[in-house]
Amino acid sequence: MEIITLDFNIKGDDRGSLIALEQNKNIPFNIKRVYYLFDTKSGVRRGFHAHHDLEQVLIVVRGSCKIHLDDLYQTREILLDNPQKGLYIGPLMWHEMYDFSDDCVLLVLASYYYLEEDYIRNYDQFSEIVSQHKKRNVGK
Ligand code: T46
């Protein structure tokens, strides 16, 4: 599984740090939506879905959390604990977020508006779609 992480430059000076995020520059798509998760209760695990088409970059701007990634063939656990790092999650990647620190603020930049039809929330359905997709792309 290819894990795409993004490193953001800090525009730092003696006043502190600043990171700028720009579509099609350090974020690899047009940004249509921004949302953030905070005050996540202890022990909570969320996500449990993949997207058909959506592209996203996840950035923990404060605190830490872990991301479970599953492309049907491999799984990976990624620790996000640095506002300088982004994790790219593209289509057909099952993901779950867990181990949120009390102070965690998880910022997400998304390539499209909120669309429930883009979610695959059932793992069996995810498995079916990825397998079909792989079959169609064999030999390409
Ligand atoms: C994802 C992970 C990383 C909206 O109304 N608009 C929005 O833009 C979003 C993201 C959510 N919602 C509503 C839908 C639900 O009623 O907010 C509620 C919580 O959403 P959800 O249960 O989908 O949250 P997570 O944490 O499971 O997943 C979210 C994103 O939905 C998802 O796209 O990739 O964060």
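Just so it is clear, the model here is predicted, and its values are computed rather than measured. Ligands are counted one by one from 1 in listed order, and the atoms in each one are counted from 1 as well. For this chain, numbers begin at 1 and follow the sequence in order.
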- Query: Should H95 be counted as touching ligand 1, given the test is an N or O pair under 3.5 Å?
  - Reply: yes
- Item | Minimum-distance protein heavy atom relative to atom 15 (C) of ligand 1 | Y114 OH, 4.5 Å
- Item | Side-chain heavy atoms of I10 within contact of S17, under 4.5 Å | yes
- Message: Could you check whether R45 makes a cation-pi contact with Y98, meaning its NZ or CZ is under 6.0 Å from the centre of the six-membered ring and within 45° of the ring axis?
- Response: yes
- Query: Roughly how far apart are I27 CD1 and L21 CG, rounded to 0.5 Å?
  - Reply: 4.5 Å
- Single-linkage hydrophobic cluster Y36~V60, side-chain heavy atoms < 4.5 angstrom: no
- Main-chain N/O of D39 paired to K41 side chain as donor or acceptor, under 3.5 Å: yes
- Going by the atom numbers of ligand 1, which of them fall below 4.0 Å from some non-hydrogen atom of Q56? 1 (C), 33 (O), 34 (O)
- Query: Q56 versus H95: any side-chain heavy-atom pair under 4.5 Å?
  - Reply: yes
- Of F48, Y36, Y119, Y113, which has the heavy atom at the shortest distance from atom 31 (O) of ligand 1? Y119
- Query: Any link between L37 and I67 through a network of hydrophobic side chains (Ile, Leu, Val, Met, Phe, Trp, Tyr) touching at under 4.5 Å?
  - Reply: yes
- Does R121 approach ligand 1 within less than 4.0 angstrom via side chain, backbone, both or neither, non-hydrogen atoms only? side chain
- Of all the non-hydrogen atoms in the protein, which one sits nearest to atom 3 (C) of ligand 1, and at what distance? M97 CE, 3.5 Å
- Item | N or O pair under 3.5 Å between L37 and ligand 1 | no
- Query: Is E116 salt-bridged to R121, going by a charged N under 4.0 Å from an acidic O?
  - Reply: yes
- Query: Under 4.0 Å from atom 18 (C) of ligand 1, is there any protein heavy atom?
  - Reply: no
- Item | Identity and separation of the nearest protein heavy atom to atom 10 (C) of ligand 1 | R33 NH1, 3.4 Å
- In terms of hydrophobic clustering (I, L, V, M, F, W, Y; side-chain heavy atoms under 4.5 Å; direct or indirect links), are F8 and L18 co-clustered? no
- Task: Distance to 0.1 Å, residue and atom name: give those for the protein heavy atom nearest to atom 27 (O) of ligand 1.
- Result: G47 N, 3.0 Å
- Mark the output for E116 as yes if a heavy-atom distance to ligand 1 is under 4.0 Å, and as no if none is. no
- Query: Which residue supplies the protein heavy atom nearest to atom 29 (C) of ligand 1, what is that atom called, and how far is it?
  - Reply: Y35 OH, 3.8 Å
- The closest protein heavy-atom partner of atom 26 (O) of ligand 1 is R46 NE, 2.6 Å
- Note on the structure: of all protein heavy atoms, closest to atom 28 (O) of ligand 1 is H49 CE1, 3.4 Å
